[in-house]
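Note sheet for the following structure.
Note that these values count all heavy atoms, side chains included, but never hydrogens, waters or copies made by symmetry. Quick note on labels: first sequence line is chain A, next is B, and so on, each numbered from 1.
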Amino acid sequence: MFLFNELIIYMKKGFLITCVIITCIATAIVLSNLTTLIVHEAETDLQEYNETYADGKYYGIGDKLMGDVEDVFVKQDNCIDILINMNNWLHNNKYFKYFEGRADQISYISNEIEGEFKDTYNDILNAFWLGPDDIEHFEIKTCEGSIFKETDFYHNKSLTNEPGRLCDGELPIVMGCRFRNKYEVGDTLDIYNFFYVGKAKIIGFLEANSKTVDSNGNIYVLDDSVILPFFTDFSGEESSIYMRCLFLQKNNGKLYSKLTAEDLQDMVNEYMSYLGITGAYFVFGAKNQWQVVFATNLDNMINDIGKIAIGITAFSSITLAIFLFVKIKKSERYFGIMAINGFNKNQIRYLVLLEVLMIITMSLVLGIAITGLIHDISYQEYDVNYLKGLFPLVITGIAGFVIGEFNIENQELSSLISRKE
Amino acid sequence: MLLELIDIHKSYKIHGRKTEILSGISFSAEKGEMIAIMGESGAGKSTLLNIAGGILRADSGKLIYDSDEINIASKKELDLYRREHIGFIVQDFALISDRDVEENIAIPLRIRKINRSQRSIIISQALMEVGLKGEEKTYPCMMSGGEQQRVAIARALATDPDIILADEPTGSLDSENADNVLNLLRMVCEKGKTVIIVTHDKEVASRCNRIVKIERRRRD
């Protein structure tokens, strides 16, 4: 307790520099964690895709059109044309196959709750928008009724309305096998989704254990889902907001290729540059994806962040070492006074080393807190490997301990008292 | 015999060359004795005092306290000996300037884990002995040299050591304050403590029971 009280008094000397050092080390920790988290995110997704199917690889493709970037993008007159061009390019590329299928949810009016009949009740069902290519590639078949025909993907006039407003047509849907004991082919449901509101007619039931891959790279079993046709042709009477939202969704799919994520990203970068939307799309797992905010690609960004982290670590270590060296020299008189009052060399050593320990602990707490904050406010989900952030701590800690120990070991207690304050 | 130093050798490396400061010095002090150690500069007076106080390790020789030999090779034994039996007073008082009188005197007590209420009693008693009662919250910079040295004496006495080692305790004081400090040390001595003073001042030495002279060793 005495040593702790004395430590607090001792740490007050040069407190401002201590704070600067703590901030520097914490920054180095945050940056180290940040490189981990970005790489970690990319690598995890890649691995999941690779595990899905052995022949070829699946890579998610996503857009970064969010917030302010999206606002700027949608104000462009030709934004829908850009999205449609992007979609066509994705579908007509010889280096990869593109699949649009994506998981969603729909509301529907149910007449049954917990076995009791009710007039109307809105319930939620898992849904999956499936494109014609998904059906062929993943060999999705029905065990009863039929799968979508080519014309079912046509978004005709009867299905067209402003988003959220009732259409007078009838959307063909296929149900997962779980629904076979509840519905029959030809039954209709009243469904609600951003892209369609109105009647939906069941045209078939899927075989049990039918699978596809969702846009997050996981195998997606369709047994519990309502399958909706992801429209490929349009009547031309759709509203611009409808088209924009739909194509934003349609362009967030999966690439199937034998190329690497980086190669695919290069192609995407080239085409985005042609469309004038540099940085809008990224291939999951690609380290060369463009970062709009930093005007560089992810790979360079990781390298740059890494270099900055190493630079700050070196700066922190040197500063801490110099700070400790100077502080110990300036405190010799104080140590001498403590020595004639009963302090021994080990207690002086503990005092100095505890200060180093305190600095690195406070840096660690601050570094983890800031990394956690970045993690929390980030829209993406990933795990942070905090171990990488220990690198700056270990380096600065060693520098501190070595300087502290070196200084104290070379001191004779009796000589300290003769030092001037 | 309360304290005995037998055949003490101590050398330092100066500019890479080993220089012997103390060469087979022996010295002893009785309980309640007030001894002055005199000698020219560089003779090793302070070195001897520091060895007697356990703050400096001798290269060889024996340190005997109350018939028990202290192992001079053992840091732990020396630390314990210093903590339990020795009080130090130095020329420039060795007070921490940003702590008040009470906090300065509390340092050795806190090191010895004496609780707050006991500390408070001991501090006021020590201050009373040195005639500074009521100055607990005064900072050293607001006191005269004589008062600061009295605070240093109060701090040295606070842990009730048997031996007080004083290195030029009056070196920074005028004659009046020096006289007060010596009277105080004499009073301490009369209470049964052994006081060993390193001094250049013959006047100071004359007030002690015994004078020990150390001669500077001829160096080739």
Side-chain angles (χ1 to χ4, degrees), chain A residues 1-19 323 326-355 358 401 404-421, chain B residues 10 12-13 46-58 74-99 103-116 119 140-141 152 155-156 158-159 161 164-168:
Chain A
M1 194 62 194
F2 163 68
L3 207 60
F4 183 72
N5 288 337
E6 208 56 43
L7 176 69
I8 290 170
I9 297 169
Y10 180 65
M11 281 190 77
K12 281 181 186 170
K13 295 171 191 166
F15 185 67
L16 195 66
I17 301 172
T18 307
C19 290
F323 169 70
V326 172
K327 189 168 177 181
I328 291 169
K329 285 283 166 215
K330 280 190 166 180
S331 302
E332 282 178 347
R333 170 77 177 163
Y334 159 76
F335 293 146
I337 294 171
M338 298 307 280
I340 62 169
N341 283 294
F343 235 44
N344 58 38
K345 210 168 187 177
N346 276 344
Q347 284 169 309
I348 295 172
R349 182 177 281 122
Y350 293 151
L351 201 61
V352 172
L353 301 187
L354 273 175
E355 183 181 33
M358 198 70 130
F401 276 99
E405 182 60 27
F406 175 78
N407 263 281
I408 294 159
E409 195 50 43
N410 290 321
Q411 298 292 354
E412 197 71 75
L413 281 180
S414 60
S415 65
L416 295 173
I417 193 65
S418 57
R419 300 284 201 279
K420 291 287 167 225
E421 222 168 345
Chain B
K10 179 69 187 174
Y12 293 113
K13 254 190 179 170
S46 295
T47 301
L48 184 67
L49 196 79
N50 287 331
I51 291 171
I55 204 167
L56 181 65
R57 278 195 290 174
S74 162
K75 281 184 189 175
K76 212 171 178 180
E77 276 196 39
L78 281 175
D79 287 338
L80 196 67
Y81 158 73
R82 187 172 79 247
R83 190 177 292 186
E84 295 296 315
H85 308 293
I86 306 294
F88 277 97
I89 300 164
V90 295
Q91 183 176 351
D92 61 359
F93 328 124
L95 299 176
I96 296 176
S97 54
D98 56 2
R99 299 188 198 183
E103 286 167 335
N104 266 288
I105 300 173
I107 293 170
L109 302 173
R110 284 171 56 217
I111 292 172
R112 287 157 183 81
K113 294 174 185 163
I114 292 168
N115 66 42
R116 189 187 291 262
R119 272 203 316 256
C141 60
R155 186 181 60 191
T159 53
I164 302 285
L165 302 177
D167 195 351
E168 301 278 8

Minimum heavy-atom distance B:R155-A:I337, with the two atoms named: NH1-CG2, 3.8 Å
Heavy-atom pair of closest approach, residues B:I96 and A:Y334: CD1-CD1, 3.7 Å
Counting heavy-atom pairs closer than 4.5 Å to chain A, which one of [options] comes out on top?
{"options": "B:Q91, B:E84, B:K75, B:R112", "value": "B:R112"}
{"options": "B:T47, B:L56, B:I51", "value": "B:L56"}
{"options": "B:R82, B:K76, B:R57", "value": "B:R82"}

When rounded to the nearest 0.5 angstrom, what is the spacing between CG in A:N344 and CG in B:L80? 10.0 Å
Could A:R333 and B:D92 be called an ion pair, given the rule that one side-chain N must be under 4.0 Å from one carboxylate O? yes
Can you sort out the partners of A:A339 under side chain to side chain contact (heavy atoms under 4.5 Å, CB included), two or more places apart, ordered by chain and number? A:L413, B:I55
Sort by residue number and list every member of residues 3-11 of chain A having a non-hydrogen atom under 4.5 Å from chain B. A:N5, A:E6, A:I9
Under 4.5 Å heavy-atom distance to chain A, tell me which part of B:R110 shows up: side chain, backbone, both or neither. both
Is any side-chain heavy atom of B:D79 closer than 4.5 Å to a side-chain heavy atom of A:K345? no
Does A:Y350 have more than 12 heavy atoms from other residues, nucleotides or ligands lying within 6.0 Å of its OH? no
